[in-house]
Protein chains: 2
Amino acid sequence: MKDYEKRFVRYLSENSLKLTRTRRLILDAVFKTHDHVDVDTLYNMIKADHSDVSLATIYRTMPLLVEAGLIKQSLRYQSKDHYEHVFGHRNHIHLLCENCGKIIEISGRHLEEFLKNETQKHSFEFIDYTLNVTGLCHKCRKALNRKIKR
Amino acid sequence: MKDYEKRFVRYLSENSLKLTRTRRLILDAVFKTHDHVDVDTLYNMIKADHSDVSLATIYRTMPLLVEAGLIKQSLRYQSKDHYEHVFGHRNHIHLLCENCGKIIEISGRHLEEFLKNETQKHSFEFIDYTLNVTGLCHKCRKALNRKIKR
DNA sequence: TACATTTTGAGAATGATTCTCAATATTTTC
DNA sequence: GAAAATATTGAGAATCATTCTCAAAATGTA
């Protein structure tokens, strides 16, 4: 059993919830993805092999995975909520290219120190952060520069 | 004429758009608020004096204000998009209390330097950032501590 | 003032998310 | 291991924020 499964099983039993086939399928799909997932994408992934899983159940399961500390809701994108892994991942910074929509992840180690410090000054107890930086990725910046010069 | 009005008028004329009574009402409502506003709140503010303004028009106007550099979409909260002033405001960090929902704003001056530096390392051109920190505000932390001790 | 162009209000349409409920699966009890 | 107790599920309906449609009204321009 994978570590994330153990964690989920523990969370479920601690809360008198049941480990079902469907929940297991959803968990696996979530951890099969790398970057960010939205519910609809998960639904399509799962539907391929298991056409009987309902969209509603996926919506219902996401908060459980969040509560279990496995994923978090990190980003709203194309009018949909997106989730990303928390379990086994350091928190990080998202760079969102305004031109092509690409998402780049960079380390947030220094940031976290900075924030703990900064929030303490305001008697605020730091739990987590979400930082999205908008701008232009390398490729798009070059492409746009070329356009302007013409 | 207020500075933000000037900016809006300029934006409109640069884009062959018209300055209408309704747009002016919306602009004023937006700048009458301090913290963050969602469209529904604006709608209710405006409706009090001008019952003929339509919700749809407010939705249509928000992107114009964003484009004009007056506001930005900063936060999703209670399933609604929230906007905040950009014009005349330094960018800042949001501290969101997970218990009471209060939003505290703290300065992001140092952060901005840090991010410009950090993104440059990845050949990414920094434009803007949104940083939301979740945690517990002073009051809630104390209240919760008390509960635990009991 | 009249024309060309934008904008508007109202309500319909859309799309993500949540809810309802009867049928089904899981765990627990004996 | 079967039955009882409880939790979960799929399907579709309901909700709610946001967007679209379109005929009527407002605006800027000539």
Side-chain angles (χ1 to χ4, degrees), chain A residues 5 8-30 36-68 71-83, chain B residues 5 8-30 36-68 71-83:
Chain A
E5 273 184 302
F8 191 41
V9 168
R10 177 155 57 88
Y11 169 79
L12 290 174
S13 78
E14 278 171 5
N15 292 279
S16 354
L17 299 173
K18 296 172 178 174
L19 178 60
T20 63
R21 186 186 84 103
T22 311
R23 282 184 179 153
R24 208 193 297 264
L25 287 172
I26 295 168
L27 178 68
D28 285 344
V30 166
H36 310 82
V37 229
D38 58 285
V39 168
D40 204 54
T41 303
L42 286 175
Y43 179 56
N44 287 314
M45 285 174 65
I46 294 170
K47 205 168 51 176
D49 294 324
H50 308 274
S51 60
D52 59 327
V53 171
S54 151
L55 189 56
T57 303
I58 304 180
Y59 272 108
R60 281 189 286 239
T61 303
M62 301 312 275
L64 301 181
L65 300 177
V66 171
E67 270 301 301
I71 61 176
K72 77 170 183 177
Q73 198 179 318
S74 63
L75 194 48
R76 184 149 244 263
Y77 191 49
Q78 295 174 156
S79 309
K80 287 177 203 145
D81 285 337
H82 285 242
Y83 295 83
Chain B
E5 274 185 299
F8 191 42
V9 168
R10 177 154 59 86
Y11 169 79
L12 291 174
S13 78
E14 278 171 4
N15 293 277
S16 353
L17 299 172
K18 294 172 180 175
L19 177 62
T20 62
R21 185 185 83 104
T22 310
R23 283 185 178 152
R24 210 194 296 264
L25 287 172
I26 296 169
L27 178 68
D28 285 343
V30 166
H36 311 83
V37 230
D38 58 285
V39 169
D40 204 54
T41 303
L42 286 175
Y43 179 57
N44 287 313
M45 285 173 65
I46 294 170
K47 204 167 54 176
D49 294 324
H50 307 273
S51 61
D52 58 329
V53 171
S54 151
L55 190 55
T57 303
I58 304 180
Y59 273 108
R60 280 188 287 240
T61 304
M62 300 312 275
L64 301 181
L65 299 179
V66 170
E67 270 301 300
I71 62 176
K72 77 170 184 177
Q73 197 179 319
S74 63
L75 193 50
R76 184 149 245 264
Y77 192 50
Q78 294 174 157
S79 310
K80 288 179 205 144
D81 286 336
H82 286 243
Y83 295 84

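In what follows, chains are A, B, ... by sequence order, proteins preceding strands, each numbered from 1.
Residue A/R60 is classed as a base contact, given a heavy-atom separation below 4.0 Å to a base. As judged by a 4.0 angstrom heavy-atom cut-off over every strand, B/D81 is placed among residues touching the sugar-phosphate backbone only. Residue B/V53 is classed as a sugar-phosphate contact, given heavy-atom separations below 4.0 Å to backbone atoms only. Residue B/D40 is classed as having no contact, given no heavy-atom separation below 4.0 Å to the nucleic acid.
What separates OH of B/Y43 from P of D/dT18 is a distance of 14 Å, to the nearest Å. When rounded to the nearest whole Å, the span between CG of B/L55 and C1' of D/dA17 equals 9 Å. Regarding A/I26, its CD1 atom lies at a distance of 10 Å from the C1' atom of D/dT9, rounded to whole Å. With rounding to whole Å, A/I58 atom CD1 is found 9 Å from D/dG10 atom P. We find that CG of B/D38 is positioned 13 Å from C1' of D/dC16, with the value rounded to whole Å. Distance B/H82 NE2 to D/dA17 P: 10 Å, rounded to the nearest Å. Atom CE in B/M62 sits about 15 Å away from atom P in D/dA17, given to the nearest Å. In this structure, A/I46 atom CD1 and D/dT9 atom C1' are separated by 14 Å, rounded to whole Å.
Remark: B/K47 NZ to B/L55 CG distance equals 8.5 Å, nearest 0.5 Å.
Toward the 5′ end of DNA chain C lies the nearest nucleotide of B/L12, the other residue of the pair B/S51 and B/L12 mapping further downstream. Residue-to-nucleotide proximity on DNA chain D shows that, of B/A56 and B/Q78, the 5′-proximal contact is made by B/Q78.
The two residues A/V66 and A/K72 come nearest to each other via the heavy atoms CG2-CA, 4.4 Å.
When the side-chain nitrogen and oxygen atoms of B/Y59 are compared with OP1 and OP2 of D/dT18, one or more of them lie within a distance under 4.0 Å. The phosphate of D/dG10 has OP1 or OP2 within less than 4.0 Å of a side-chain N or O from A/T57. Under 4.0 angstrom from either OP1 or OP2 of D/dT18 there lies at least one side-chain N or O belonging to B/R76.
Of the candidate nucleotides D/dG10, D/dA7, D/dG28, D/dG28 has the atom nearest to the side chain of B/L19.
Side-chain contact check for A/R21 versus A/D52: some heavy-atom pair is nearer than 4.5 Å. With a 4.5 Å cut-off on side-chain heavy atoms, A/L42 and A/M45 count as touching. Looking at A/L65 and A/Y11, their side chains never come closer than 4.5 Å, going by heavy atoms from C-beta outward. You'll find the side chain of B/M62 reaches within 4.5 Å of the side chain of B/Y83, heavy atoms only. Between B/D81 and B/V39, the closest side-chain pair of non-hydrogen atoms is not below 4.5 Å. In this structure the side chain of B/L12 reaches within 4.5 angstrom of the side chain of B/R23, judged on heavy atoms.
Under a 3.5 Å cut-off, the side chain of B/D38 and the backbone N or O of B/D40 do form a donor-acceptor pair.
A donor-acceptor contact under 3.5 Å is formed by the side chain of A/K18 with the base of D/dT6.
Each end of the helix from C/dT1-D/dA30 to C/dC30-D/dG1 gets its own axis from five base pairs, and the two axes differ in direction by 30°, given to 10 degrees.
For DNA chain C, the outermost nucleotides in 5' to 3' order that have an atom under 4.0 Å from a heavy atom of chain A are C/dA16 to C/dT27.
Within a 6.0 Å sphere centred on CZ of A/R24, other residues, nucleotides and ligands contribute 12 heavy atoms or fewer.
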